[in-house]
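FYI, the numbering just counts along the sequence from 1. Only this structure's heavy atoms are used, side chains among them; waters, hydrogens and symmetry mates stay out. Please read all numbers here as calculations on a predicted model, not as lab measurements.
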Amino acid sequence: MKDDRRKQMEALVARREAVTMEELREEFGVSMNTIRSDVAYLTDTGSVEKVYGGVRAVQRQEVPLFTQRTQLHADEKHRIARYAQTCIEDGDTLYIDAGTTTMHLIDLLDPNKHVTIVTGNLYVVHQAYGKPNVELIVLPGGMNRRTNSVADVSTLEFLGRYQFAKAFMAASGVSPDGKLNVSTYIEYELKKLAAGRSRQTWLLVDGGKFGGSSLMSYGALEDMTEVVTDARCPAEIRDYCERKSVRLTIV
């Protein structure tokens, strides 16, 4: 109940851009102390910031359109996905995250393998139609054109019903301290939930994703079973993985 309210509150602030504390209290029908507690939590996650008498959405760096990002480092992304699909076994239940690298898994999947895929990645959903050995479970939610995926509170509720043998995860960036960055609060919740419900997790990121930082991260490199990237992976990340005993594969 509390988590759902906070997700709805974050979505409301993002939609209106700024909301007073009194408006939040009236909207959600709880005490002002509860509102203060919820706002403190959302402020800590970096999704909102306090202003006089209320809160406003944090202005974030614009994420390039999905169609633009698919064209960046396409060969590297394809090689990463080609390696990752060899980790999939017959009978696996998989989570495939939204992303311009993870999307290629469906095209490269061995057609003789019977798998179940749970995803909100709309490219995977489209391509799975021609894969008779793929049982597809499509997550509900509102469409995000910048990620070509679906994600909202209903997505989280539905995803929480499943457990996965393997999850293939993406990130908007990887900071030098190994944090896996996201650009929105709903992405933070969705990726954290999916990774937490999988027995094994693979991070698929091209070398251009390393560097920079973010207010929110859903995990760290050491949380992954394996990290798959390309030769542009910087030396500090390679050193980090060696220190933390992270399995790093360069393709």
Side-chain angles (χ1 to χ4, degrees), residues 76-121 123-125 127-128 131 133-139 147 149 151 155-156 158-175 177-182 187-207 209-210 217-230 233 237-238 240-251:
E76 291 89 341
K77 293 173 180 179
H78 198 268
R79 290 201 306 271
I80 291 167
R82 182 174 295 280
Y83 170 84
Q85 68 84 27
T86 65
C87 303
I88 298 172
E89 298 174 292
D90 189 59
D92 276 344
T93 298
L94 312 172
Y95 175 78
I96 298 183
D97 199 11
T100 55
T101 302
T102 53
M103 61 182 263
H104 294 297
L105 282 169
I106 189 67
D107 295 324
L108 299 169
L109 184 66
D110 184 341
N112 295 314
K113 291 179 180 177
H114 294 75
V115 298
T116 299
I117 295 175
V118 180
T119 190
N121 186 319
Y123 180 84
V124 174
V125 172
Q127 296 299 101
K131 307 280 185 178
N133 288 336
V134 171
E135 180 180 346
L136 181 68
I137 298 173
V138 183
L139 296 173
T147 60
S149 66
T155 318
L156 296 168
F158 193 86
L159 181 62
R161 304 172 188 175
Y162 295 94
Q163 295 190 27
F164 311 105
K166 292 160 185 169
F168 294 91
M169 305 301 300
S172 59
V174 181
S175 57
D177 60 356
K179 295 294 190 298
L180 311 180
N181 300 329
V182 293
E187 286 181 297
Y188 161 81
E189 291 283 2
L190 186 61
K191 293 179 189 294
K192 184 176 179 180
L193 178 60
R197 299 191 69 81
S198 179
R199 290 200 299 272
Q200 293 180 294
T201 52
W202 276 258
L203 178 69
L204 311 184
V205 287
D206 70 85
K209 293 290 184 69
F210 295 102
S217 62
Y218 73 91
L221 290 173
E222 57 265 35
D223 299 327
M224 300 290 109
T225 303
E226 187 172 6
V227 177
V228 189
T229 187
D230 60 65
C233 178
I237 292 295
R238 301 184 191 216
Y240 180 95
C241 289
E242 185 174 356
R243 292 196 312 271
K244 299 288 187 176
S245 299
V246 177
R247 184 177 177 184
L248 175 67
T249 298
I250 307 293
V251 297

*Asks:* Show, in sequence, the C-alpha distance, side-chain angles and deciding distance for R79 and D230, and conclude whether the salt bridge (Lys or Arg N to Asp or Glu O under 4.0 Å) test is met.
*Replies:* CA-CA 8 Å; R79 290 201 306 271; D230 60 65; 5.8 Å; no
*Asks:* A side-chain contact here means heavy atoms from C-beta on lying under 4.5 Å apart; do D92 and T116 qualify?
*Replies:* no
*Asks:* Taking all atoms of both residues into account, what is the closest heavy-atom pair of E187 and V182, and its distance?
*Replies:* CB-CB, 4.0 Å
*Asks:* Taking side chain as C-beta onward, heavy atoms only, is M224 less than 4.5 Å from V246?
*Replies:* no
*Asks:* If we only count heavy atoms from C-beta on, is the Y240 to E222 side-chain gap below 4.5 Å?
*Replies:*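 Y240 reaches E222 side chain to side chain.
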*Asks:* Is there a side-chain contact between T101 and V205, using heavy atoms and a 4.5 Å cut-off?
*Replies:* no
*Asks:* In the structure I gave you, are the side-chain heavy atoms of L156 and L190 within less than 4.5 Å of one another anywhere?
*Replies:* yes
*Asks:* Does any N or O in the side chain of S217 come within less than 3.5 Å of the main-chain N or O of K179, such that one atom is a donor and the other an acceptor?
*Replies:* no
*Asks:* Could you tell me whether the side chains of Y188 and K192 share a donor-acceptor contact shorter than 3.5 Å?
*Replies:* yes
*Asks:* Measuring only between side-chain heavy atoms, which start at C-beta, is D223 closer than 4.5 Å to T201?
*Replies:* no
*Asks:* Do K209 and N181 touch side chain to side chain, with heavy atoms closer than 4.5 Å?
*Replies:* no
*Asks:* Among L136, L139, V138, L105, exactly one meets side chain to side chain contact (heavy atoms under 4.5 Å, CB included) together with T119. Which residue is that?
*Replies:*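 Output: one option passes, namely L136.
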*Asks:* Please check if the number of heavy atoms outside R238 that lie under 6.0 Å from its CZ is greater than 12.
*Replies:*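 Yes, the 6.0 Å shell around CZ holds more than 12 heavy atoms from other groups.
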*Asks:* Should the ring pair H104 and Y123 be called parallel, tilted or perpendicular, given that the plane angle runs from 0 to 90° and is split at 30 and 60?
*Replies:*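 Rings of H104 and Y123: perpendicular, as their planes differ by over 60°.
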*Asks:* Give the minimum heavy-atom separation between T147 and A98, together with the two atoms involved.
*Replies:* O-CB, 4.2 Å
*Asks:* Parallel, tilted or perpendicular, judged at 30° and 60°: which one describes the rings of F164 and Y162?
*Replies:* parallel
